Amino acid sequence: MNDAKHTPPLLSPAEQERLDEEMIQAAFKRLLDTYLASSHRGKEELVTRAFNFAKQAHKGVRRKSGEPYILHPIAVAQVACEEIGLGSTSICAALLHDVVEDTDYTYEDIANLFGVKIANIVEGVTKISGGVFAPDASDQAETFKKLLITMSDDVRVILIKICDRVHNMRTLSSMAPAKQYKIAGETMYIYAPIADRLGLGKIKTELEDLSFKYEHPDEYAEVTRKIEEARPQIEHTFATFTPPIRRELDRLGYTYTITSRVKSPFSIWRKMHTRHIEFDEVYDLLAVRIVFKPKDINHENQEAHYIYGIIDDLYAHHPDRLRNWLAHPKSNGYQAIHQTFMNRGDEQGRWVEVQIRSERMDDIAERGLAAHWKYKDATTAFDNSELERWINSIKEILDDPQPNTLDLLDTFKLNLFAREIMVFTPKGELRTIPQGSSVLDFAFSIHTTLGTHCMGAKVNQKLVPRWHKLSTGDQVEIIASSSQHVEADWLDSVHTAKARGKIMAILRRQNRELARQGEQMLQEWLESNNQQVTPSRVSRLCTYYGQRTPEELYLSIGRKETTLDDEAAYYLRGRRHYKGWKRFVPFIHEKVREENKSAADGANFFKDINRKKVFSVTDDTLQHCTIAPCCHPVPGDNILGYLPADAERMEIHHRACPTATQLKAQHGRAIIAANWELHRAHQFRTTIHISGIDDKGILYAIADLFKGMDTVPIHRIVLDTADGVFSGDIELSVTHRKDIAAICKQLRAIENVTEAHRSE
């Protein structure tokens, strides 16, 4: 066979340029058509001018995939226009969002040509080149800090950044594996939650699925395959469940659509992963979504309840699955009724979730913030207060100087995932606070001063401490005293970003004063010993007292945790005969020399590592790696490496590990793609959680099982019993992930053992 005829012919530069131009014009025409078909009309000339400017600015530049770079800004603008519903200002900013970063054009150029508003959005989206804020923070964290600062003034900044991230995720296949993990980790850690918080349900789901696809490709392929296998049954369920509902809605004269929603691959995998169940045990694969056009826009909530009543007459409902977000929407504005009904037309009696929304509710659920703007003046049912409160909470977080941008990222993320509960003030005012909030969180949500001096509270007329967790319906009266002040252990009692940020800011101010006092005490002590304050002496004292930095030493002295004594003075003078120093100091010096040699060996091993390639954990390289204790990965797991600059050893994490997700988002450059290539059997520590019905023979049966496993070292077995059930952990060592699965299967085969799975 002649292989040459299968090789596409090389195009001349002129032909390639012609094909590129056709591709670019087709993409822009689609964008323009989408814009002109929307309610945002009249600024076609501005959008065209922004496109021509961006096209010229990026001329000759190509993406990793090989396509002309201008196709990326066009695609970002397409997402902004088509999938979020933004207007000309946002579309222009999307077209121009990389111009300031990647070309010689400046903010002033954009402002002069397209106006300050568009220029400000472009500036907000533009990445930081590095070194502006804290030196230990990642570029992504610094970018995010700037995004937050600009977002508090114009939320379109974050919307366009999400559009940018959507297209980057859709084209991630052209990147190296380590880059894929970094970008997918950032997406899962921060951008998907932001999309969810802004009500962009469809985009949030896509970002999660794409992150899942690149971080766990095998699991993604397996779940999607099983979804396709289950699709005939899903379609049968939908076909048998919906006809009675359609007949009733038609009889009542409603305009409506009924569609099926299949659970996303990531949601299915997460449920399997967290609940330790198989695919066949995920019973909510299908949801039926009813979107109706209300006969009276001002009474759409009542009509949604009426439709719910119709379905409730047709099918038996699940007593514990009603979710009603009509009167009190989610914090992202989501409104709907969700209930699960038994499908009487299904011979297997499957449960089916039904979601009931009006057209307005559906638009907000899919397009989020942009749809809020669309309906702001269209109906009295619209309430934007929750969104405004969230934006204000971002401003409050930014009000406090953060010495470490990564702290800011973590604090903001704490604010993203919060679900709400509703509590009452002593006067009966209803206030919404995040689920898991304590009395102290509630106090800070009212006022910083009240939180600072909080001693406790009366909850439902009962006195409780400040760390007491609140529940929906509680009536809370804060008890405060001017003699009470913030303490470090308060951080263990709060859940919200606002409270944590305020406490950390107060503690930083207190620590600065204590450190100043400690520095003064150190200076006076040195002078009393006829010595001057020099960097070398301070550094030696840091070593002596086990402090990493002079600031930590000053703070420890200021807190009176460190005592400056005669022994320290003898150490500074280099003497060895005071008390135990003759034996102790040489030991320290030898230990330091050994540690420094080990660190140098590790740093040399990784000095020339190619961070773009996949690192193989082999029998030889394993000695230079540390198996992360947070997730205990074993051969067979999907893994990655974490290797900061000049690190002694590479940390090996499971890719699904929460710590790894955080590292991908905050220290992307230190992430290394890795895989297992071990040929010898190495022992790796892991933990199996086991539970079941309590019985006298359980412990004997477990011990008897492991008695026959000579190659499986058991380190510890801990079982607790209560109310007729037992649960506990078995710590052991294995050589592969398959060993864990086999052991769990054998444990579940023991009588009265109902569950055995690997601990997370």
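None of these values were measured; they are calculated from a predicted model.
- Here the straight-line distance linking atom OH of Y220 with atom CH2 of W269 works out to 13.5 Å at 0.5 Å rounding.
- More than 12 heavy atoms of other shown residues, nucleotides or ligands fall within 6.0 angstrom of atom CG in N610.
- If you run side-chain contact (heavy atoms from CB on, under 4.5 Å) between C92 and each of V122, I110, V47, only V47 comes through.
- The side-chain heavy atoms of E300 and E359, taken from C-beta on, include no pair separated by under 4.5 Å.
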*Is there a side-chain contact (heavy atoms from CB on, under 4.5 Å) between I162 and I194 once you walk through the steps?*
CA-CA 8 Å; I162 288 173; I194 291 177; 3.7 Å; yes
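- Distance check: L210 CG to E206 CD gives 5.0 Å after rounding to the nearest 0.5 Å.
- Of the options E22, E15, E21, a salt bridge (charged side-chain N to carboxylate O under 4.0 Å, His left out) to R18 is made by E22 and by none of the others.
- Listed by first and then second residue, the ring pair (Phe, Tyr, Trp, His ring centres under 6.0 Å) pairs involving residues 79-105 are F53-Y105, H72-H97 (not counting sequence neighbours).
- Looking only at side-chain heavy atoms (C-beta outward), E353 and D284 stay at 4.5 Å or farther from each other.
- Residues L285 and K226 fail the side-chain proximity criterion, which asks for heavy atoms closer than 4.5 Å.
- For the pair Q662 (side chain) and Y189 (backbone), a donor-acceptor distance under 3.5 Å is absent.
- A salt bridge does not link D33 with R30: every distance from a Lys NZ or Arg NE/NH1/NH2 to an Asp or Glu carboxylate oxygen is 4.0 Å or more.
- Atoms CG and OH, on N638 and Y181 in that order, are 7.0 Å from each other to the nearest 0.5 Å.
- Between M361 and Q355 there is no side-chain heavy-atom pair separated by less than 4.5 Å.
- Between the SG atom of C81 and the CD1 atom of I74 there is a distance of 13.0 Å, given to the nearest 0.5 Å.
- Using modelled atom types, one side-chain atom of D209 and one backbone atom of F266 make a donor-acceptor pair closer than 3.5 Å.
- The local environment of CD in E17 is sparse, with at most 12 non-hydrogen atoms from other residues, nucleotides or ligands closer than 6.0 Å.
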*Please test S267 against E208 for side-chain hydrogen bond (donor to acceptor under 3.5 Å, both in side chains), starting from the C-alpha separation and ending with a verdict.*
CA-CA 8 Å; S267 295; E208 288 178 338; 4.6 Å; no
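- Annotation: salt bridge (Lys or Arg N to Asp or Glu O under 4.0 Å) contacts involving residues 65-77, sequence neighbours excluded, comprise R63-E67.
- To the nearest 0.5 Å, atoms OG1 (T661) and CE (M188) are separated by 7.5 Å.
- Between the R357 side chain and the Y334 main chain, no donor and acceptor come within less than 3.5 Å of each other.
- Across C163 and V79, no two heavy atoms sit closer than the pair SG-CG1, 3.8 Å.
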*Yes or no on side-chain contact (heavy atoms from CB on, under 4.5 Å) for D362 and R289, after CA distance, side-chain angles and deciding distance?*
CA-CA 10 Å; D362 187 62; R289 182 171 295 162; 4.0 Å; yes
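- In this structure, a donor-acceptor pair under 3.5 Å is absent between the side chains of S358 and E303.
- Scanning both residues, S90 and I160, for their nearest heavy atoms gives O-CD1, 3.5 Å.
- Considering every non-hydrogen atom in both D20 and P68, the closest pair reads CG-CG, 3.6 Å.
- Of the possible donor and acceptor atoms, one in the side chain of Y214 sits under 3.5 Å from a partner among the backbone N and O of S173.
- N112 places a side-chain N or O within 3.5 Å of a backbone atom of E108 that can act as its donor or acceptor partner.
- In terms of modelled atom types and a separation under 3.5 Å, the side chain of R611 and the main chain of A178 share no donor-acceptor contact.
- In the displayed structure, K55 atom NZ is contacted under 6.0 Å by more than 12 heavy atoms of other residues, nucleotides or ligands.
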_Stepwise side-chain contact (heavy atoms from CB on, under 4.5 Å) check, V166 with M169_ = CA-CA 5 Å; V166 167; M169 289 300 296; 6.0 Å; no
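- Inter-residue side-chain proximity for I84 and I203 is flagged as met; some heavy-atom pair is nearer than 4.5 Å.
- Of all non-hydrogen atoms in L640 and A660, the two that sit nearest each other are CD1-CB, 4.4 Å.
- Residues V100 and T106 are not in side-chain contact: their nearest non-hydrogen atoms beyond the backbone lie 4.5 Å or more apart.
- Taking CG of L95 as the reference point, atom CD1 of I70 lies at 6.5 Å (rounded to 0.5 Å).
- Of the N and O atoms on the side chains of Q56 and N52, not one donor lies less than 3.5 Å from an acceptor on the other residue.
- Using the six-membered ring where Trp is involved, H58 and Y69 have ring planes that are tilted, between 30° and 60° apart.
- Take F292 and apply the ring-ring contact (aromatic ring centres under 6.0 Å, His included) test, not counting sequence neighbours, and it matches no residue.
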*Would F114 and D109 satisfy side-chain contact (heavy atoms from CB on, under 4.5 Å), going step by step from the backbone distance to the final call?*
CA-CA 8 Å; F114 300 98; D109 295 328; over 6 Å; no
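- Between W325 and H338, the ring-plane angle classifies as perpendicular under the 30° and 60° cut-offs.
- Residue S174 comes nearest to T171 through the heavy atom pair OG-O, 3.3 Å, listed as atom of the first residue, atom of the second, then distance.
- Residues G124 and V157 share a closest heavy-atom pair of C-CG1, 3.7 Å.
- For the pair E219 and R655, the salt-bridge criterion is not met [side-chain N within less than 4.0 Å of a carboxylate O].
- Inter-residue side-chain proximity for S260 and V288 is flagged as unmet; no heavy-atom pair is nearer than 4.5 Å.
- With salt bridges taken as basic N to acidic carboxylate O contacts below 4.0 Å, one links R225 and E222.
- Checked against E83 for a salt bridge (charged side-chain N to carboxylate O under 4.0 Å, His left out), the options K204, K202, R170 give a single hit: R170.
- Looking only at side-chain heavy atoms (C-beta outward), V262 and I234 come within less than 4.5 Å of each other.
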